[in-house]
There are 2 protein chains.
Amino acid sequence: MPDQAPDTTFDLNQFLPYRLNRLADQVSEQLAHLYESSYSLTIAQWRVLAWLNQCEVLTAKQIRDATRMDKARVSRAVQVLVDRQLISRSPDQQDQRAHHLRLTEAGCALLNQLLPEAQAWEASLLSALSGAERGALLKAMAKLEDALGQSAVVNPAT
Amino acid sequence: MPDQAPDTTFDLNQFLPYRLNRLADQVSEQLAHLYESSYSLTIAQWRVLAWLNQCEVLTAKQIRDATRMDKARVSRAVQVLVDRQLISRSPDQQDQRAHHLRLTEAGCALLNQLLPEAQAWEASLLSALSGAERGALLKAMAKLEDALGQSAVVNPAT
DNA sequence: CTCGGCCGGTTTCATGTGTGACCATTTGCC
DNA sequence: GGCAAATGGTCACACATGAAACCGGCCGAG
């Protein structure tokens with residue numbers, strides 16, 4: 001037995017970050033399988049498409065802010081989608097560095113197929129929860145995300 | 001304007017898998033920074049250590065089941081930890097293929113430093129939630145994980 | 001006007017990861 | 001006993017990703 005007995009009061013199963021990631025990984029993995037196997041889409045690519053579906057036209061920076069994804073990750077996802085002609089990239093007249101991104105018809109068509117599937121999957125998952133539970137879950141998640149965004153939690157001096 | 005107008009009823013911000021991953025990614029990223037910068041630990045490695053802290057002795061398979069991590073991922077994490085002498089690997093007498101894994105003194109010492117930091121970080125994060133909210137969150141997450149594990153959700157024929 | 005800092009976006013590099021093949025051992029079945 | 005299938009674990013390969021360097025274009029101070 002070691003000198004310093006480890007902290008026996010710690011239960012990884014009660015540790016929120018761990019639980020959160022384990023759950024998110026499982027959800028992600030199963031959904032990713034749908035995107036990937038049926039449509040050859042990365043999660044990053046799917047997110048770009050989904051946001052463009054909502055906002056009509058966006059710049060890469062805006063997508064980055066919305067999804068909180070890495071700069072490079074967005075860039076690469078956009079690259080592939082443009083190559084596959086699912087989105088179009090046109091120069092921004094105001095700012096020559098930026099590009100306007102929007103769905104092409106092919107992109108819309110793909111989403112019209114994919115979205116119902118994704119929603120069905122989500123519905124099937126959510127059926128495990130009551131309406132109240134669902135609401136509580138989303139509210140708690142929103143609060144956490146809020147807390148994370150602002151204070152960066154444990155903000156050590158400055 | 002495309003023929004097929006895309007589904008305007010879909011809001012990615014309301015889409016649970018997306019929200020779940022966005023949140024988990026943020027949490028993960030910040031915590032991973034702690035593990036990595038201060039202790040040079042991967043998340044996978046941290047999980048192995050944390051489980052060994054609870055269970056004294058485990059086999060790789062057991063860790064795999066507990067964490068739901070990939071076979072290879074566990075194997076690699078264990079490899080590194082053994083090299084760094086944070087855990088020890090001894091042959092299983094019953095099954096020559098398996099190995100018993102346990103913390104070394106160095107491993108315990110490291111955990112005794114790391115655990116309080118991790119717990120403090122979690123506490124700081126959880127302070128954004130009331131006790132009731134916290135309970136509801138964990139309960140909902142447990143239910144979802146349960147649903148995922150069993151039915152694999154949308155189990156297409158078979 | 002112009003020079004330095006800032007910013008949008010791309011690329012390079014190192015690394016962690018999943019997939020699938022593979023080896024050795026165990027286990028079930030004949 | 002002995003052979004086939006399953007199982008614990010490792011390895012080779014391909015790939016998505018984050019960090020950081022980098023390339024223009026923008027913008028404010030002098």
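Proteins get letters first, then strands, A, B, ... in listed order; numbering begins at 1 in each.
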[X], nearest nucleotide to its side chain (from [options]):
| X | options | answer |
| --- | --- | --- |
| B:Thr59 | C:dT10, C:dT25, D:dG9 | D:dG9 |
| B:Thr42 | C:dG16, D:dT10, C:dT26 | C:dG16 |
| B:Lys61 | D:dG9, C:dT17, D:dC11 | D:dG9 |

Looking for any heavy atom pair under 4.0 Å, which part of the strands does [X] touch: base, sugar-phosphate only, or nothing?
| X | value |
| --- | --- |
| B:Ala72 | base |
| A:Ala60 | sugar-phosphate |
| A:Asp95 | sugar-phosphate |

Atom [atom1] of [X] to atom [atom2] of [N]: distance rounded to whole Å?
| X | N | atom1 | atom2 | answer |
| --- | --- | --- | --- | --- |
| A:Leu41 | D:dC15 | CG | C1' | 16 Å |
| A:Glu36 | D:dC15 | CD | P | 11 Å |
| A:Leu101 | C:dG9 | CG | C1' | 11 Å |
| B:Asp25 | D:dT17 | CG | P | 10 Å |
| A:Met69 | D:dA19 | CE | C1' | 17 Å |
| A:Gln96 | C:dG8 | CD | C1' | 12 Å |
| A:Lys71 | C:dC6 | NZ | P | 13 Å |
| B:Arg47 | C:dG16 | CZ | P | 15 Å |

Task: A:His33 vs B:Gln93, nearer the 5' end of DNA chain C by closest nucleotide - done: A:His33

Open item on the list: Using a strict threshold of under 4.0 Å (side-chain N to carboxylate O), is an ion pair present between B:Lys143 and A:Glu133?
Closed with: yes

Open item on the list: Looking at A:Arg76 and C:dT12, is any side-chain donor or acceptor paired with a base atom of the opposite kind under 3.5 Å?
Closed with: yes

Task: Base D:dC26 paired with A:Arg97 side chain (donor-acceptor, <3.5 Å) - done: no

Is a side-chain N or O of [X] found less than 3.5 angstrom from the main chain of [Y], in a donor-acceptor match?
| X | Y | value |
| --- | --- | --- |
| A:Thr104 | A:Leu86 | yes |
| A:Ser38 | A:Tyr35 | no |
| B:Arg76 | B:Lys71 | no |

Phosphate-side-chain proximity, [X] and [N], N/O vs OP1/OP2 below 4.0 Å:
| X | N | value |
| --- | --- | --- |
| A:Arg73 | C:dT11 | no |
| A:Ser75 | C:dG9 | no |
| B:Arg68 | C:dG18 | no |

Open item on the list: Please report the interatomic distance CZ(B:Arg19) to CG(B:Leu23), rounded to the nearest 0.5 Å.
Closed with: 8.0 Å

